[in-house]
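Each remark here refers to the structure printed beneath this line.
Just so you know, residue 1 is the first one in the sequence shown, and it goes up from there.
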Amino acid sequence: MGEVHIDEIYSYFPFRLFGLARGDLTDLVESEFAAEIELCRANPDMLWQYQDMKRAGHRVGFISDTYWEADRLARLLRACHPGLSWDFLYASCDHGSSKSESLFATYLSEQSIDASASFHVGDNEKADIRAAKRHGIRPRYYPQATAQLAARFQRETALFELLCTGAPSRLDHGARTLRRMVVARSAERSPAFHLGVTVLGPVMKAFDAFVARRYEEVAGPDRKVALGFLGRDGFLSHQMWQRLHGMTSAYIEINRRVSLIASADTMQPIIDLLGKILKIDAPTFRDMMKILPPKVAAFFAKSPGGIVTGLEIAEALPELMGADEIGELAAGLRARLLSHLRHVIPGFDDCTDLVLADLGYSGSVQKALRRIFKLEGLDIRLHGAYLISLDDAFDDVAEEDSATGFISDLVVTPHVKRMLIRNIALLEQVCCSADGSVRDYDGGTVLREINPRPTSQIMLAADIQAGTLAFAECAEQVAVDFRLSPYAAPDVAARWCAATLARLLLLPDEDELALLGELKHDVNLGTHALAPMIDGDYIRRQITARGLSAACTTSAPPMWLAGCFARLSASHSYLYTLFGANRLPADVFEDRPCGQVQVGLFRANGEATLETVTLHRNGLGELRVRIPVSRAMGIATIVLPLPKFAAEGLLHGVTIQSAADVRDAAESQSGIAAESLVFAGIERNGDHYRAQSEDGCLLIPVAPMTEDIAIYSVAITPLGAHPK
């Protein structure tokens, strides 16, 4: 089929379906052309080259594969740049042939031009580059986007349509055009810098525009407004604000731990804080609270290794400390915190309003500051401006204050929001400062914890931040050059920001996994603990032992759950995303019974019994065998006759779940080392195995049991015929 004209395309339009007649065809065509006129922009780089060639005396024109005839194409070009002129203009629909076919030959013939003297610039590898070469024309490739960036755009569009339901995905007010042009103008540097330019930069630039709007909304007559970015996660946002706006703003080093202790007029905030800590010892408690009462010290001393869980110390605290001790502790820290605010915010005591910018999420620092201000008699309104907000957590924000999220419940659902926040540790690590977390203040000096993150990670984050800031600075000029306003419509900007951020957090590509997967997360609750971002083996064991949906609800750590799924496969990460968007039907992907098999249970003395267990198959075609044993049975080896249900396949692993009863056992899991498994009558190569006879079997050693119940789970992807 040759090149078609716009009228031919609309001749197939379902007129009657929309209550139209064929006589309306012209109106439809003109409506589309009017949209083209409104949306099309001239590329300043191409325009400069075009005009430079004309000034040099060369004959210059346009050759385009398009369904718009030459007259309309000319109108479109002059709408983008009034007064534009050319020596020739070819539209493929006028000639019934594309550049890949004979349009270049037509041009050479009609213009009587020597092909070797011609030069063609285009963005399509096939139509512009290879076709030009075939006709002897010298080509220059000017890609719209790299293959990597184009792939990320595709994923972002898919996530936009999945997460931002009910909103059109085609129009973004030029956000992706801006990104393409900034990338084209950016020098090639490290992968981390490139990530900042292409992904994090657009997210943080959109957030910066949101903060600027919030600041303007709060400002007004008789108001003195200060803007503060909360450290450490607000560090990158503060750097961007300083570079783009040059207005006075403060970097306020205050975290949840410090603000909760300083705001404590009862013991409850301290109890809430301690309850969120996984494990704690006496020295850590003293570092956090600045005191270690004798009863508290004795409590730790009675525990194994002097270590207790946060919940244990939280529950015991009312019996270990008095209200007067808490009050004295809080008052001292409160005074030092206010000294810090007065040091970093000029004229702090004259402020009527303070805007707090941060990544989010529930406004815990803002609420603590409100309690502090009330205790100290400070009449300053607080306004939270957050990248992501858990909006249901803002119901208890003080009436005189406000809290607004850029990515709010109006942008994505609360269900989706919680999936993003479950994976937000990745964003926190690349946005935060290189300093340790604040632990106290001494006059105007901030006293910080030791930063436990490796130097290599701090340098990586700095490189990503440099790329982010480079995007923001370049984007300002590119937006002017291209007449783009990607942040003018806040709702559109918020949806595309959500899609861009979600793509990074939920559907990372292989390059991003390699770059970011080894990062560690600073727990930042007064401990020096680092939690892994990715543990693919852990998630694989979760799927084996508990199923896909249970694995999707795994608590941290690991901190980057979506990255764990992506490490298994891109399909697994998309399934996790579907689950988080509430679009993953359990009856499609969860385990379903598909047969039974007899397994051998051998005791140490050689006695054996046969037990029948149920085979399950999930939506990915994997088989699960779960074999429960009790300590009283004294089992030493489990014999699984693989040829009976999967003579050839991929063995994904064997997990153990153990506890005092079956219900508790279901919540735990650990793996069995592959080298401890014995394959009898079975050929094995890595994960792949093939039975050499019908008597082949897998021997699973049973370790001495310390709990009453253990469940051994085996996950297999069968190859070849399905089991009968």
Side-chain angles (χ1 to χ4, degrees), residues 207 211 214 228-235 237 250-278 288-289 310-311 314 326 329-330 333-334 337-338 340-341 354-376 378 380-409 414 417-418 420-425 427-429 431-433 437-441 449 521-527 555-556 559:
F207 178 53
V211 173
R214 287 293 296 135
F229 292 83
L230 294 178
R232 296 181 297 167
D233 296 347
F235 175 79
S237 298
Y251 179 60
I252 303 173
E253 295 196 59
I254 176 172
N255 56 27
R256 179 179 56 182
R257 172 166 50 90
V258 166
S259 63
L260 282 177
I261 295 174
S263 68
D265 52 352
T266 68
M267 192 168 290
Q268 193 57 47
I270 308 297
I271 292 174
D272 293 340
L273 173 64
L274 292 171
K276 294 179 173 66
I277 299 175
L278 186 60
M288 290 177 62
M289 303 297 176
L311 286 175
I326 294 293
L329 168 69
L333 181 55
R334 191 159 56 243
L337 188 154
L338 290 175
H340 169 65
L341 293 180
L354 174 58
V355 177
L356 299 171
D358 190 25
L359 296 184
Y361 316 96
S362 58
S364 57
V365 171
Q366 177 182 342
K367 295 172 190 175
L369 275 178
R370 168 50 54 214
R371 293 193 296 271
I372 290 170
F373 285 4
K374 284 187 175 180
L375 288 170
E376 296 297 322
L378 293 172
I380 301 175
R381 292 179 289 264
L382 294 170
H383 308 276
Y386 303 114
L387 175 63
I388 303 180
S389 56
L390 289 174
D391 296 276
D392 55 349
F394 290 161
D395 289 341
D396 59 345
V397 167
E399 185 176 349
E400 65 269 29
D401 298 339
S402 68
T404 309
F406 185 36
I407 303 176
S408 70
D409 288 352
K417 192 90 61 62
R418 281 165 170 77
L420 293 176
I421 291 175
R422 169 62 181 84
N423 295 278
I424 206 68
L427 181 66
E428 293 172 351
Q429 287 304 309
C431 286
C432 77
S433 73
S437 185
V438 58
R439 60 180 177 85
D440 206 337
Y441 312 91
E449 304 282 358
H521 181 64
D522 180 1
V523 175
N524 186 21
L525 284 173
T527 72
S555 299
M559 306 305 298

Rounded distance [0.5 Å steps], [atom1] in [X] versus [atom2] in [Y]:
X	Y	atom1	atom2	result
I254	L369	CD1	CG	4.0 Å
R439	N255	CZ	CG	12.0 Å
D440	I261	CG	CD1	9.0 Å
E253	F235	CD	CZ	9.5 Å
I424	D233	CD1	CG	9.0 Å
S362	D392	OG	CG	9.5 Å

Q | Sole residue of H383, R370, K367 in side chain to side chain donor-acceptor pair (under 3.5 Å) with D401 | A |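 Single pass found, and it is R370.
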
**Q.** Partner of S263 by side chain to side chain contact (heavy atoms under 4.5 Å, CB included), out of K374, R371, R334
**A.**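 In the set K374, R371, R334, the residue that makes a side chain to side chain contact (heavy atoms under 4.5 Å, CB included) with S263 is R371.
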
Q) With sequence neighbours left out, what residues match A250 under side chain to side chain contact (heavy atoms under 4.5 Å, CB included)? A)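 Listed in chain order: I252, V344, I345.
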
Should [X] and [Y] count as side-chain neighbours, where that means a heavy-atom distance under 4.5 Å?
X	Y	result
L427	L387	yes
K417	D391	yes
V211	R214	no

Closest approach of [X] and [Y], non-hydrogen atoms and distance?
X	Y	value
F406	F207	CE2-N, 3.9 Å
G363	Y386	CA-OH, 3.7 Å
Y361	I421	CB-CD1, 3.7 Å
G275	A314	N-CB, 3.9 Å
A264	A330	O-CB, 3.2 Å
F229	G234	CB-O, 3.8 Å

Q: Assign the ring pair Y441 / H340 to parallel, tilted or perpendicular, where the plane angle (0 to 90°) is split at 30° and 60°.
A: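 Parallel: the ring planes of Y441 and H340 meet at under 30°.
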
(Q) Run R257 and V438 through side chain to side chain contact (heavy atoms under 4.5 Å, CB included) and show every step you take. (A) CA-CA 9 Å; R257 172 166 50 90; V438 58; over 6 Å; no

Q: Could you go through the side chain to side chain contact (heavy atoms under 4.5 Å, CB included) check for I388 and L359 one step at a time?
A: CA-CA 6 Å; I388 303 180; L359 296 184; over 6 Å; no

Q: Could you pull out all residues at least two apart from E428 that satisfy salt bridge (charged side-chain N to carboxylate O under 4.0 Å, His left out)?
A: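 Testing E428 for salt bridge (charged side-chain N to carboxylate O under 4.0 Å, His left out), a comparison that skips the adjacent residues, returns none.
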
Q: Identify, with sequence neighbours excluded, every residue that meets salt bridge (charged side-chain N to carboxylate O under 4.0 Å, His left out) alongside R422.
A: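 For R422, no residue satisfies salt bridge (charged side-chain N to carboxylate O under 4.0 Å, His left out) once neighbours in sequence are set aside.
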
Q.
Evaluate L338 against F373 for side chain to side chain contact (heavy atoms under 4.5 Å, CB included), listing each step before the verdict.
A. CA-CA 9 Å; L338 290 175; F373 285 4; 4.0 Å; yes

Q: Output, in order, the C-alpha distance, side-chain angles, deciding distance and verdict of side chain to side chain contact (heavy atoms under 4.5 Å, CB included) for D358 and Q366.
A: CA-CA 10 Å; D358 190 25; Q366 177 182 342; over 6 Å; no

